[in-house]
Amino acid sequence: MHKKIVMVVSAVQFFLLAFAAVVVSDVHDRFFPELLDVKAKVTLDFSQSDLQKEDVFQQLGAMGDQWELGLMKVAPDLRGDQSGQIFIQVGQKGEFPKRIQRFGREPDAEIRDHRALSHSFTDGDYLVTGKTEHLNEWKDWLTSHRVDQKWSEETLFTILQFLIVQSDFGVALLAVSMLMVSLALYWLAVKAKGRALRVLAGVPKWRIQCEDFGQFVLAMVLAAAILDVLAALYVGFVHGWVFVPYYSKVLLLAETMVIFLTLICAWIFSVASWPNPEMLAMREPVVKRLARSSAVLKLVVFAFVLSAVSPAVSAYTNARKTAQEQVMWKSLADQVVLVFPSRPGSTGGAEIEHLFQTLQPSVGDIVRQAETAHRVVLSKAWKGDDLSIDGMTIAPYRYMIIVNEQWLDIVRRKNKRLSLVPLTLEQIPKDAKQFLELSIPLFVRKQQQAKNIWHEVKMYRLTGSSPFPFVGSGGQLEFARPKDVLLLVAPHVHALFNDNFLISVASSAELSFIGIEETQKLVSERGLQNRIRVNYMAEEGILRAQLYAYFVWLRIGSIVALLAALAIAATISAFIIAVLKAKRDFPLRLAGASWWNVSCGRIVKEWVLGGIVVMLIMLFQGINSLLPVGLTGLLVLAVLPFVHIGATSWVFAKNSLRQL
């Protein structure tokens, strides 16, 4: 029976590992596509580079072809639901399939030639799929041009990083390990009497250890083997047989780590609780020496449960935010931004500033013509923290955001409940009015518009519960609570704002355009195709927002495993205490004492210790953990009396029948 219990619990906890291995395999295939035989991945940042951005892809392709690196740029598939990826050849050499199968629910990924790079950002992830003999030379070339590089290579260490360094996988491994250690303690508890009798009979210690641990390990390994076969079949039939080798490698590595850690802890428990003949001679309970180990394990698992709750809540909150972000990015999938050789005010010097001065009229004309077709989207924000530097405050608001009707239409398509409440000039914070009245003359096309600015724009406050999205500097999506937003709506972009303002917001991705072909045509008609690149706005944002749901499920599964480990440890500890207190509890119960009166001493003691642990965890994790940690600790401690009373009543029943 006990072997079956070990097998069943082991199968459950190895199921969590199997799920973690699925996530690792999915993440791995996103970063190192299995069918591309990726040797290394690098994230390149050209923001500080001396390379001309319009020539970067050409130079990277030449380097890649020269050294046969098989370079590929990773980009999101902006068609359909935008959940997939595409891979673009940076050079022209190399033979690749037109399409490759992906792990998980992703659609098959297309392999496109270098022409697809014409609308991609230079920054991002690149894959090395060819030869690596000249990889160090390419690294040196990138370094010489001040290109920031973050490398990841396809090695066993990469898997270990996924399993240990990445907190979500690390918590899952820890949870499974704690559950297995609790199971080892259970095994030692049920074997305690037999071990004591064999010690009394003179059986060698090594033989007792080998027999007990051999049966325990056999039960674990058998459960793991059965689950591994089923998991491999699942991956093969559902995701593809090509992914089974890597998946099996991850799963076996994780299981080996857990089993190894379990055996170490079990050996420590065994040594600490080793029975001796004196115990039997004194008629002491054989589980007595496990009492301290079970108490320590219970306390440690309780601390781990509390430590994992707050990050899990944060992960869930971030996942909701990321889901909202992903929905918004997907709605921006057809939008593009203008990318210039450099942004105004950067280290480009007078030549760059002059270039921007010459480009201003053309950019203004592009905005004018695109706006006639309703293809211009504006979202520009000022934060209260930025204004506070000048001693201004826009309280009770935290953001002052100016948008046009196109941005509102995009937001309304995803948030049907968004409600705008018109404001009068008297309802606008004093400093907000002062800031706009000082700044607007620098932005508007005609000075008469600055005097009539409060008639040119409409002012609103927002109501509702869904966060309001806006574009921060650099093109990053941000979200604000509706009550924190003072919203200004510009009826027209080109008619209101001058070309200097338009090129400024265009270079920071706060001004975007709908339709890549239409925008590219506008740029080409003005002969600027070699000076201005047209890139997808949502490309990097969609890539960043694709994986968070997996991590939330891992966190939830980890907490369930930790709670199971805590339940096993608490039950064993309560059973051992009840056995040790049986001589005291039995007459008390016969005398009519309630179960609470019989057990209250040990319950109150553990309440005090548990309360101290809760306070220490809250102190260590900070104010944000007060509610989740406190609530979890309260619930666990509330269940504790039922565990002790149940164990005490079971021991009393066995004692009454002389079966203890």
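The residues of the chain are indexed from 1 along the displayed sequence.
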Cationic N near anionic O, under 4.0 Å, Lys131 to Glu133 | no

When rounded to the nearest 0.5 Å, the distance separating CG of Leu252 from CG of Leu17 is 11.0 Å

What pair of heavy atoms forms the shortest contact from Ile259 to Met220, and how long is it?
-> CG2-CE, 3.9 Å

Can you tell me how far CG of Leu637 sits from CD1 of Ile603, rounded to the nearest 0.5 angstrom?
-> 11.5 Å

Spatial distance of atom OG (Ser649) from atom CZ (Phe642) [nearest 0.5 Å] = 12.5 Å

Got a sec, which residues hit ring pair (Phe, Tyr, Trp, His ring centres under 6.0 Å) with Tyr234, two or more places apart in sequence or on another chain?
-> His239

Check the pair Gln101 / Leu35 against side chain to side chain contact (heavy atoms under 4.5 Å, CB included), numbers first and verdict last.
-> CA-CA 7 Å; Gln101 183 182 357; Leu35 292 178; 3.8 Å; yes

Looking only at non-hydrogen atoms, find the nearest pair between Leu71 and Gly64 and report the distance.
-> CD1-CA, 4.2 Å

Nearest heavy-atom contact between Pro245 and Val242 is CD-O, 3.5 Å

Donor + acceptor pair across side chains of Asp125, Thr43 (<3.5 Å) | yes

Heavy-atom closest pair, residues Pro33 and Leu127 | CD-CD1, 3.7 Å

Check the pair Arg112, Gln89 against side chain to side chain contact (heavy atoms under 4.5 Å, CB included), reporting the backbone distance first and the verdict last.
-> CA-CA 6 Å; Arg112 299 183 183 176; Gln89 290 180 248; over 6 Å; no

What residues form a side chain to side chain donor-acceptor pair (under 3.5 Å) with Ser599, not counting sequence neighbours?
-> Thr648

Looking at NZ of Lys41 and CZ of Phe32, how far apart are the two atoms once the value is rounded to the nearest 0.5 Å?
-> 6.0 Å

Heavy-atom side-chain proximity of Leu36 to Ile100 below 4.5 angstrom | yes

Judged by atom type as modelled, is there a donor-acceptor pair below 3.5 Å linking the side chain of Lys39 to the main-chain atoms of Thr129?
-> yes

Can you check whether Phe302 reaches Leu609 side chain to side chain, under 4.5 Å on heavy atoms?
-> no

Would you indicate whether the side-chain heavy atoms of Tyr126 and Val90 approach each other to under 4.5 Å?
-> yes

Decide yes or no on salt bridge (charged side-chain N to carboxylate O under 4.0 Å, His left out) for Arg102 and Asp29, but give the supporting numbers first.
-> CA-CA 7 Å; Arg102 304 307 306 276; Asp29 192 56; 3.0 Å; yes

Could you note down all residue pairs passing salt bridge (charged side-chain N to carboxylate O under 4.0 Å, His left out) where residues 606-615 supplies at least one of them, sequence neighbours left out?
-> Lys298-Glu606

Among Val128, Ile86, Ile88, Ile111, whose side-chain contact (heavy atoms from CB on, under 4.5 Å) with Met72 holds?
-> Ile111

Under the side chain to side chain donor-acceptor pair (under 3.5 Å) test, residues paired with Trp151 that sit two or more places apart | Gln149

Distance (rounded to the nearest 0.5 Å) between Ser307 OG and Met618 CE | 12.0 Å

Do the side chain of Thr632 and the main chain of Val629 share a donor and acceptor less than 3.5 angstrom apart?
-> no

Considering residues at least two apart in sequence or located in another chain, which fulfil the side-chain contact (heavy atoms from CB on, under 4.5 Å) criterion with Trp267?
-> Val271

Trp241 vs Leu233, side chain to side chain contact (heavy atoms under 4.5 Å, CB included): CA-CA, chis, key distance, verdict = CA-CA 9 Å; Trp241 294 102; Leu233 290 173; 3.9 Å; yes

Closest non-hydrogen atom pair between Leu227 and Ala18, with its separation | CD2-CB, 4.4 Å

Among all residues two or more places apart in sequence or in another chain, which pass the side chain to side chain donor-acceptor pair (under 3.5 Å) test with Asp45?
-> Ser47

Looking at side-chain heavy atoms only, is the closest gap between His28 and Tyr246 below 4.5 Å?
-> yes

Please work out which of the three classes, parallel, tilted or perpendicular, describes the rings of Phe103 and Phe243, given edges at 30° and 60°.
-> perpendicular

Met7 and Ala219: which non-hydrogen atoms are nearest, and at how many Å?
-> CG-O, 3.5 Å

Hey, does the side chain of Trp67 reach the backbone of Trp138 with a donor-acceptor pair shorter than 3.5 angstrom?
-> no

Check whether any side-chain heavy atom of Leu253 sits under 4.5 Å from a side-chain heavy atom of Lys249, and report yes or no.
-> no

Do other residues, nucleotides or ligands put more than 12 heavy atoms under 6.0 Å from the CZ atom of Phe96?
-> yes

Do His644 and Arg602 come within less than 4.5 Å of each other through their side chains, counting heavy atoms only?
-> yes

Atom pair OG/CD of Ser248 and Glu255 - distance to nearest 0.5 Å | 9.5 Å

For side chain to side chain contact (heavy atoms under 4.5 Å, CB included), just list the numbers for Leu251 and Phe14, CA-CA rounded to whole Å, side-chain angles, deciding distance to a tenth of an Å, and then say yes or no.
-> CA-CA 9 Å; Leu251 182 56; Phe14 284 133; over 6 Å; no

